[in-house]
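What follows is a set of notes on a single structure, which appears directly below.
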Amino acid sequence: MSSVETKAATDSQWWKEAVVYQIYPKSFNDADGDGVGDLRGIERRVDYLDELGVDAVWLCPVYESPQADNGYDISDYRSIHPAYGDMDDWRRLLGALHERDIRLVMDLVVNHTSKEHEWFQRSRRRDGEYEDYYIWRDGSPDEPPNNWESCFGGPAWTYDDEREQWYLHLFDENQPDLNWRNPAVRDSVYEMMEWWLSQGIDGFRMDVINLISKAEDLPDGEPGAGQTGTEHFFNGPNIHEYLREMRDRVLSDDSLLTIGETPGVGVDDAKEYVGSDGDGLSMVFQFEHVTFDHDEHKWDAGDWSLVEFKEILSKWQTGLEADGWNSVYLNNHDQPRMVSRFGDDGDYRRESAKLLGTLTHTLQGTPFIYQGEEIGMTNASFASPDDLRDVESLNFIEESLERSDVQSYEDVRDAIEYVGRDNARTPMQWSDDPNAGFTEGEPWIQCNSNYETVNVERARADEDSVLHYYRDLIELRDERDVLVYGEFELLLPDHPAVFAYTRTLGDERGLVVLNFESEPVEFVAAGVALDGLELAIANADAPTVPSDTFELGPYEARVYLTPTQHTQTR
Ligand code: TEU
């Protein structure tokens, strides 16, 4: 079959062909000089996004919030957090994006609200219909109803003196979990979603959506590695009922992009969310490739093997190939900067940033660019706990200092600087102006000290920059169906340094070869059909046609493709 026929056979959708750019509004761009990013600041950068070539923006929460978790604690779903602007600012941003054919996906946070949400305030007063909007349980004030733990440390329960009951919070105590067993809660959520869709958005990223259904009698969890209780709220008993109801009531338009953030799912679970007879989500954010280097918990993350990394990603590539669709990401606002975690943020920062971008744009699935990744932004240094803002990190430090083997912040600083979420939340680095051109005020969080050399302005002026390479990657993926719809096959699964694979779509073929090490390595293309392949993109000088055996330099990336046989069909 020609590649056109095979592409048509693969249920083409705009969001499969798209590249999505994730914006963390607090840290993207500040227009009013208060040191906090805002909607008008984002609007000023839409031409930057257009030049980059992205097709959609995932905007992290901008709703009214006390900011206990930087907006993932919502106190009013239908108003904008004042520091970010107002609905007029939001409508102008939507218009500016749509004028440039850039779609807008909003963050849907409905596993929990803020404690300050009217619903919670009325629930704690046992006010009529709101009495059962959250998960309340009797119990003596010093004995939580079960042993579940919060993702942010400590018990997942807090005793409320006003209602004289415990309430569940799988995250911070300021983020009480909604009671999805209550049809009134579901109706309120669906009404809110319909309202945002009526504003003209193009989809939702659904925060921890596979946590909304809890085991009915909230049984104790099996203590062990990680958060206690997850077996009773990851992919809970009614999750698919709720998501199918949401789809039928709100999300029947399949041109909407719906991304479920689903910690703890495997490929088979994912098929129930995204498969042809699943719940109708476009894709999920799975976590296996960003937690495989954890031991007891994220803070002991460290050594990882490329062989295992390849095994996990390949499993997801082949697992969803025939039924469903992958998201492809290596960092976001919760994860460390990918060049620091999976590349080399020192001598080979540029090369490894390009290498990782090559991976995310040539695997099968929708690539997600996290703000700043396109210029190779890195993890930061946090000399003192006072430099930190993230509730998860601050809770971890507090808990750690209670342990006898932890004397001071210095004893946990390495862990914080390796996987702490503030690494991803330092301001976007626009220029070498003060505060990286992010704000004319005092930024809410320190800038990374490398902003004078790592910034958009400098990258724009350097044709060999990570930024220009990302633009080329996005353009290449936009032009070549084989990179979007082609079948994935892993090569050299046991090679400790080389990540190599082919993509095939009818008569179109691709070969991707990546060296994940700082030492040169030899690639032997045993059994791979090299005829007709030509170099399409590389992060170093490379021959136009591949030979059976060739050497890759430190963090060298090459993509070979058969020349296009047909006019682009998109
Ligand atoms: O994240 C859910 C989640 O699993 C994260 O807490 C992540 O695993 C952890 O932070 C890694 O250290 C979502 C949002 O992306 C996150 O920003 C929110 O804090 C969280 O839900 C609660 O809404």
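Whatever order the structure lists them in is the order used to number ligands and atoms, beginning at 1. Computed from heavy atoms alone, side chains included, the values below leave out hydrogens, waters and symmetry copies.
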Hey, is Gln227 one of the residues with a heavy atom under 4.0 angstrom from ligand 1?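 False for this residue.
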Students should be able to answer this: which protein heavy-atom is nearest to [atom], and at what distance?
atom: atom 4 (O) of ligand 1; answer: Phe287 CE2, 3.8 Å
atom: atom 19 (O) of ligand 1; answer: Asp69 OD2, 2.5 Å
atom: atom 10 (O) of ligand 1; answer: Arg421 NH1, 3.1 Å
atom: atom 20 (C) of ligand 1; answer: Phe171 CE2, 3.8 Å

Tell me whether the guanidinium CZ or amine NZ of Arg137 lies under 6.0 angstrom from the six-membered ring centre of Trp157 and within 45° of its axis. no
Is the NZ or CZ atom of Arg124 positioned over Trp119's six-membered ring, under 6.0 angstrom from the centre and within 45° of the axis? no
is_close_aromatic(His333, Tyr72), centroid dist under 6.0 Å: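 Ring-ring flag for His333/Tyr72: true, centres closer than 6.0 Å.
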Any side-chain heavy atom of Ile397 sitting closer than 4.5 Å to one from Leu388?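 Yes, their side chains come closer than 4.5 Å.
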Close side-chain approach of Val46 to Leu93, heavy-atom, < 4.5 Å: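 The answer is yes; the side chains approach within 4.5 Å.
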If the cut-off is 4.0 Å to any non-hydrogen atom of [X], which atoms of ligand 1 fall inside it?
X: Asp207; result: 13 (C), 14 (C), 15 (O), 21 (O), 22 (C), 23 (O)
X: Cys151; result: 6 (O)
X: Glu392; result: 9 (C), 10 (O), 11 (C), 12 (O)
X: Val208; result: 2 (C), 21 (O)
X: Lys298; result: 11 (C), 12 (O)
X: Asp334; result: 1 (O), 5 (C), 13 (C), 14 (C), 15 (O), 16 (C), 17 (O)

Is it true that Arg421 and Asp69 have a side-chain N and a carboxylate O under 4.0 angstrom from each other? yes
Let me see the working for Phe233 and Trp148 under ring-ring contact (aromatic ring centres under 6.0 Å, His included), right down to the final yes or no. CA-CA 10 Å; Phe233 52 78; Trp148 295 4; 5.1 Å; yes
Shortest heavy-atom approach to atom 3 (C) of ligand 1 - which of His333, Glu261, His112, Gln175: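 Looking at heavy atoms only, Glu261 sits closest to atom 3 (C) of ligand 1.
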For ligand 1, indicate whether the residue Arg205 contacts it via side chain, backbone, both or neither (heavy-atom separation under 4.0 Å).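 The part of Arg205 near ligand 1 is the side chain, not the backbone.
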Trp304 side chain to His294 backbone, donor-acceptor under 3.5 Å: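 Judged by distance alone, no pair lies under 3.5 Å.
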